[in-house]
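Chain identifiers are assigned alphabetically (A, B, ...) following the order of the sequence lines, protein sequences preceding nucleic acid strands; residue numbering begins at 1 within each chain.
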Amino acid sequence: MNNLTNYKNIKAWPFVEAIKIIKKSENLNSNRPIHFETGYGPSGIPHIGTFAEVLRTNMVRNALREIKNLNSKLITFSDDLDALKKIPEDYPYPEKLSKYLNYPLSSIPDFTEKYSSYADRNNNLLKEFLNQFNFDYEFISSTNMYKSGNFDKCLLKILENYENIMNIILPTLRKERRESYSPFLPICKKTGKVLEVPIKIVNKEKGIIAYKDDNKFIETTVTNGNSKLQWKVDWAMRWSALKVDYEMNGKDLIPSFELSKQIAKFIYNKVPINMSYELFLDQNGEKISKSKGNGLSIDEWMTYGTKESLSLFMYQNPRRAKRLYFDCIPKSMDEYKKYFKDVKEKKQELLESPIWHIHEGTMPENTYPIEFSTLINLVTALNTSDIPTIKNFCLLYIKNSLDSIEQRCLEEAIKLAVKYFQNFILPKLKKRKPSTKEKEIIENIINDISNYKEEISAEEYQNLIYKYGKIIHPENLREWFISLYQILFGSDNGPRLGSLFYLYKKNKVLQMLQEAIK
RNA sequence: GAGCCCGUAGCUCAGCGGUAGAGCAUUCGCCUUUUAAGCGAGGGGUCCUGGGUUCGAAUCCCAGCGGGCUCACCA
């Protein structure tokens with residue numbers, strides 16, 4: 001208990017959430033681990049929002065472990081018995097998929113032929129993303145739970161409370177929908193489709209429901225995977241069946257959560273502690289969605305940024321609607337480095353830094369030695385994707401020697417910066433043609449360099465450039481440098497040319513200059 | 001209709017009881033080479049408005065005004 005008061009002053013939200021759990025669990029007086037749940041609908045490639053939810057839930061788990069060494073378990077629950085409602089645009093075979101509308105995701109084949117089913121493919125993509133971050137989680141498939149009978153006890157409890165549940169749900173629906181609504185969706189024995197049909201007969205003793213098909217009543221059990229629940233009821237049932245203590249959700253699910261809460265009272269009264277987070281917006285402030293293709297995917301972030309930078313972004317202000325687009329990446333990369341530095345130089349306690357949450361409470365030994373935005377500027381200035389050249393230029397700049405971790409991080413950061421440069425900066429750069437006077441001067445430089453038999457030093461290159469600069473712009477050398485940068489790189493500034501030429505070596509320099517005057 | 005979030009420098013945002021901040025933009029100064037991958041200095045604010053709590057409010061509470069999103073099919 002003493003420990004708890006120590007952490008109460010920490011404002012970081014994972015600690016606040018963890019304290020909520022501790023307060024509630026003290027009344028529970030049970031020895032089982034605390035159960036965290038995150039939900040996932042495998043109807044397409046995993047959304048960055050799903051990923052954010054797991055990441056953030058894990059941050060609460062870590063905080064909980066720190067405050068009071070409580071065991072916990074993270075359940076990643078996949079709704080893979082849900083029916084396919086829309087054809088996702090990111091799937092390579094949409095026309096093949098379109099024949100499987102209303103089939104459970106787990107009974108649709110995977111046409112990429114890599115996985116046992118369409119759901120299995122999406123589930124595995126999610127797991128891959130999660131594994132990249134070394135999460136400790138237990139993956140649970142809805143299909144498995146229903147079919148193995150693990151949900152049966154709770155399903156019968158739902159059936160017992162059929163009318164109570166209808167009374168909660170019906171007022172929230174429109175008139176047309178009220179006619180057809182049922183908490184149970186039978187799975188058709190003939191076709192295997194998930195049916196949205198009105199339930200005509202409810203037999204609580206036998207655990208059976210019946211619907212009408214061609215004027216005949218079709219009976220089916222609610223157990224053994226013969227039917228599944230509508231999702232709000234499903235959610236409530238799952239809380240009880242899996243003993244969920246904590247679950248996050250996006251703000252779009254707040255009304256659903258409230259409804260599920262009421263339903264849960266009829267089963268075992270198990271309602272998780274809940275935190276709702278704001279949705280991500282795109283650059284223009286609109287909600288990101290897969291169908292629009294706006295915002296960022298996990299893969300896209302990982303193309304230009306480290307996982308630490310992604311974690312940091314997800315950590316910051318989950319209750320605020322944030323814009324998620326490419327510019328966020330360099331910003332987050334630099335912020336990460338700054339937080340790292342503050343802890344390393346003891347300007348900030350690790351426990352009070354986002355670094356604690358990103359790295360599960362431990363301080364990594366080191367990180368990239370140069371700000372990412374600086375690196376992007378450098379790559380832009382050098383106008384190259386050649387990693388050794390960039391790295392060598394970095395080493396000219398850094399005075400202290402780098403340890404092996406810094407070396408590795410630097411190389412990783414350079415690769416990311418190169419990608420960023422290639423995709424966002426390079427297309428906007430426009431090299432200009434030299435004037436006749438400039439062309440003449442550059443030809444002279446080429447001549448001079450060609451006349452050297454051996455490689456020359458950075459200083460000699462620089463002298464050469466100055467020598468001709470004084471001829472073409474005697475009163476303002478700056479103009480000369482700007483012109484050179486514009487002609488060679490398409491920007492107004494750049495690296496010290498002497499050093500760059502030295503790194504490029506004679507042949508490559510000549511090639512670059514000849515290219516420029518073509 | 002209900003719920004959630006946001007109003008802080010020109011722009012994007014951080015700060016969330018104790019002197020108003022960052023990045024970009026802007027203005028000025030600095031390249032015959034020892035870091036232009038720029039560097040240095042400055043300007044710029046009714047912290048949306050009005051009340052309240054407090055010794056003290058951008059920060060907490062209440063009311064209002066703007067802007068945005070979400071839900072009310074499905075998940």
Side-chain angles (χ1 to χ4, degrees), chain A residues 11 39-44 47 49-50 79 81-86 102 105 142 169 171-178 180-181 185 194 196 229-232 234-235 249-260 276-289 316-323 325 327-328 330-331 334-335 338 370-383 390 393-399 417 457-467 469-470 473-474 476-482 484-485 489 491-500:
Chain A
K11 276 173 275 178
Y40 168 56
S43 55
H47 192 252
T50 309
D79 278 308
L81 194 57
D82 284 17
L84 180 70
K85 286 291 183 183
K86 259 197 275 179
N102 296 318
L105 296 164
S142 178
I169 301 276
T172 68
L173 300 174
R174 281 193 205 166
K175 266 181 197 163
E176 312 89 81
R177 185 70 182 107
R178 274 180 219 164
S180 63
Y181 184 85
L185 306 173
V194 180
E196 278 190 34
L229 293 174
Q230 270 282 3
W231 89 279
K232 284 169 209 170
D234 197 83
W235 207 11
N249 57 266
K251 73 155 185 181
D252 52 333
L253 297 189
I254 294 171
S256 304
F257 186 90
E258 290 304 314
L259 216 60
S260 295
S276 51
Y277 51 86
E278 265 283 354
L279 305 175
F280 293 118
L281 309 174
D282 72 0
Q283 191 162 9
N284 305 317
E286 283 170 34
K287 180 192 173 183
I288 61 169
S289 67
Q316 288 169 322
N317 289 319
R319 287 197 184 84
R320 257 160 118 134
K322 287 192 295 183
R323 292 176 189 208
Y325 57 105
D327 287 3
C328 297
K331 194 181 169 206
D334 284 351
E335 277 174 353
K338 186 185 171 296
I370 303 175
E371 272 76 22
F372 193 64
S373 51
T374 307
L375 260 182
I376 289 174
N377 286 343
L378 172 62
V379 176
T380 305
L382 292 174
N383 201 282
I390 300 163
F393 219 93
C394 289
L395 296 177
L396 286 180
Y397 173 61
I398 301 165
K399 283 177 186 163
S457 69
E459 207 173 320
E460 284 172 294
Y461 275 121
Q462 193 77 0
N463 282 334
L464 206 58
I465 296 158
Y466 270 97
K467 182 178 130 192
K470 274 184 280 185
H473 286 289
N476 191 354
L477 265 172
R478 181 163 171 69
E479 288 295 324
W480 168 233
F481 280 97
I482 291 176
L484 270 179
Y485 290 134
F489 309 130
S491 67
D492 286 350
N493 44 47
R496 183 170 296 279
L497 289 169
S499 316
L500 177 69

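- If you check every strand for non-hydrogen atoms under 4.0 Å, A:Lys11 touches sugar and phosphate atoms only.
- The residue among A:Leu378 and A:Glu196 whose nearest nucleotide of RNA chain B is located toward the 5' end is A:Leu378.
- Nucleotides B:U53 and B:C60 are separated by 8 Å at their C1' atoms, to the nearest Å.
- Across every strand in view, B:G3 sits in a pair with B:C69 that passes the Watson-Crick or G-U test at under 3.5 angstrom.
- Comparing the C1' positions of B:A14 and B:C6 gives an interatomic distance of 14 Å, to the nearest angstrom.
- Between A:Asn249 atom CG and B:U70 atom P there is a gap of 16 Å when expressed in whole angstrom units.
- Both distances falling under 3.5 Å, in either a Watson-Crick or a G-U wobble arrangement, occur for no nucleotide opposite B:A20.
- Across B:A58 and B:G21, the matching C1' atoms stand 12 Å from one another, rounded to whole Å.
- In A:Glu258, the CD atom is crowded: over 12 heavy atoms of neighbouring residues, nucleotides or ligands sit closer than 6.0 Å.
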**Item:** A:Cys394/A:Leu375 under side chain to side chain contact (heavy atoms under 4.5 Å, CB included): CA gap, chis, key distance, verdict
**Value:** CA-CA 8 Å; A:Cys394 289; A:Leu375 260 182; 3.8 Å; yes

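- Among the heavy atoms of the strands lying under 4.0 Å from A:Thr374 is at least one base atom, whether or not backbone atoms are also near.
- The side chain of A:Leu279 lies closest to B:U70 when the candidates are B:U70, B:C74, B:G3.
- A centroid separation of 6.0 Å or more is found between the aromatic rings of A:Trp480 and A:Tyr466.
- For the pair A:Asp334 (side chain) and A:Phe372 (backbone), a donor-acceptor distance under 3.5 Å is present.
- As rounded to whole Å, 20 Å separates atom P of B:U70 from atom CG of A:Leu259.
- For the pair A:Asp79/A:Asp234, a side-chain contact is recorded, criterion being any heavy-atom separation below 4.5 Å from C-beta on.
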Go through A:Leu497 and A:Tyr485 one step at a time and tell me if the side chain to side chain contact (heavy atoms under 4.5 Å, CB included) criterion holds. CA-CA 9 Å; A:Leu497 289 169; A:Tyr485 290 134; 3.9 Å; yes

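- Here B:U35 presents its C1' atom at 12 Å from CD1 of A:Ile370, a figure rounded to the nearest Å.
- A distance of about 23 Å separates the P atoms of B:A63 and B:G68, rounded to the whole Å.
- Contacts of A:Phe393 with the nucleic acid, taken as non-hydrogen atoms under 4.0 Å apart, include base atoms.
- Across all strands, A:Lys251 comes closer than 4.0 Å to base atoms (heavy-atom distances).
- For the pair A:Ile254 CD1 and B:A72 C1', the computed distance is 14 Å after rounding to whole Å.
- Distance noted for atom C1' between B:A57 and B:U49: 15 Å (whole Å).
- Whole-Å rounding puts the A:Glu278 CD to B:C69 P distance at 12 Å.
- Remark: B:A63 base-pairs with B:U49. Criterion, Watson-Crick or G-U wobble with two distances under 3.5 Å.
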Output a table of nitrogen or oxygen pairs between the protein and nucleotides 7-13 of chain B separated by less than 3.5 Å.
{"from": "B:G7", "atom 1": "OP1", "to": "A:Arg320", "atom 2": "NH2", "distance (Å)": "3.0"}

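- The gap from the P atom of B:A20 to that of B:U32 amounts to 43 Å, rounded to the nearest Å.
- At whole-Å resolution of the value, NZ in A:Lys338 and C1' in B:A22 are 9 Å apart.
- Among the nucleotides B:U33, B:U32, B:G3, the one closest to the side chain of A:Asn463 is B:U33.
- As judged by a 4.0 angstrom heavy-atom cut-off over every strand, A:Leu173 is placed among residues touching the sugar-phosphate backbone only.
- If you look at A:Phe280 and A:Tyr325, their ring centroids are not closer than 6.0 Å.
- A:Gln230 has a side-chain polar atom (N or O) that falls below the 4.0 Å cut-off from OP1 or OP2 of B:A75.
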Can you tabulate the close N/O pairs, meaning under 3.5 Å, that link protein atoms to atoms of nucleotides 57-59 of chain B?
none

Practice item. Take A:Ser276 and A:Phe257 through the side chain to side chain contact (heavy atoms under 4.5 Å, CB included) test and state the conclusion after the steps. Key: CA-CA 10 Å; A:Ser276 51; A:Phe257 186 90; over 6 Å; no

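- Under the 4.5 Å side-chain criterion, counting only non-hydrogen atoms from C-beta, A:Leu259 is in contact with A:Ile169.
- Across B:C62 and B:C24, the matching C1' atoms stand 38 Å from one another, rounded to whole Å.
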Practice problem: Any chance you could lay out the side chain to side chain contact (heavy atoms under 4.5 Å, CB included) test for A:Val194 and A:Asn102, step after step, and finish with the verdict? | Solution: CA-CA 6 Å; A:Val194 180; A:Asn102 296 318; 5.7 Å; no

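- Judged purely by atom type and a 3.5 angstrom limit, A:Lys322 uses its side chain to pair as donor or acceptor with the backbone of A:Gln316.
- Here the P atom of nucleotide B:C4 and the OH atom of A:Tyr277 are 17 Å apart, to the nearest Å.
- Pair assignment for B:C39 gives B:G29, based on Watson-Crick or G-U wobble hydrogen-bonding distances that are each under 3.5 Å.
- Between A:Leu497 and A:Ala321, the residue whose closest nucleotide on RNA chain B is further toward the 5' end is A:Ala321.
- A heavy-atom distance below 4.5 Å is not found between the side chains of A:Thr380 and A:Phe489.
- Distance, A:Arg319 CZ to B:C6 P: 11 Å, rounded to whole Å.
- Taking atom P in both B:U12 and B:C48, the straight-line distance is 15 Å, to the nearest Å.
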